[in-house]
Amino acid sequence: MNANRIINMVIRMVMNRLIRGGVNAGINKFSQRNAKNASSKGQGTSNGQQKQQTAETQKRMRQSMRVARKIGRF
């Protein structure tokens, strides 16, 4: 491998990590803002219901990811 390839790989890894961190920070900031707005208006759901909905959503997401992987094999 030449030096140019190695430098490009390192730069790509660093940039991916920075971009991922920025996107995650933006999503977290946006979700916190929406949570504040919902709670101030009194439209928030109870904590137990919210946890249950989150768990169900995560379960459905995992199932759909498995199906997508199986479809991708063909």
Side-chain angles (χ1 to χ4, degrees):
M1 277 170 117
N2 57 13
N4 190 28
R5 258 190 183 169
I6 294 172
I7 292 170
N8 281 338
M9 283 179 13
V10 171
I11 290 174
R12 193 177 310 123
M13 286 172 28
V14 170
M15 289 301 294
N16 283 340
R17 188 170 293 205
L18 290 173
I19 291 170
R20 185 177 31 207
V23 169
N24 286 340
I27 290 172
N28 289 340
K29 190 75 168 176
F30 184 74
S31 66
Q32 288 172 357
R33 184 180 64 175
N34 284 343
K36 275 192 257 182
N37 289 343
S39 65
S40 66
K41 292 179 183 177
Q43 296 175 352
T45 61
S46 69
N47 199 16
Q49 285 178 337
Q50 191 173 12
K51 284 184 180 180
Q52 184 180 6
Q53 287 177 343
T54 303
E56 291 173 2
T57 304
Q58 288 177 346
K59 182 180 176 183
R60 276 189 248 118
M61 181 62 77
R62 282 193 294 268
Q63 288 174 345
S64 63
M65 288 173 62
R66 272 189 235 122
V67 168
R69 273 188 246 130
K70 287 181 182 179
I71 291 173
R73 291 181 193 163
F74 296 111

What's the separation between atom CG in Asn24 and atom NZ in Lys29, rounded to the nearest 0.5 Å? 15.0 Å

Could you list the donor-acceptor pairs under 3.5 angstrom formed by side chains in residues 3-15, with sequence neighbours left out?
{"residue": "Asn8", "atom": "ND2", "partner": "Asn4", "partner atom": "O", "Å": "3.4"}

Between Gln63 and Val67, is a side chain to side chain contact (heavy atoms under 4.5 Å, CB included) present by the stated rule, with each step listed? CA-CA 6 Å; Gln63 288 174 345; Val67 168; 5.6 Å; no

Mind checking side chain to side chain contact (heavy atoms under 4.5 Å, CB included) for Val23 and listing every partner two or more places apart, or none if nothing turns up? Ile19, Ile27

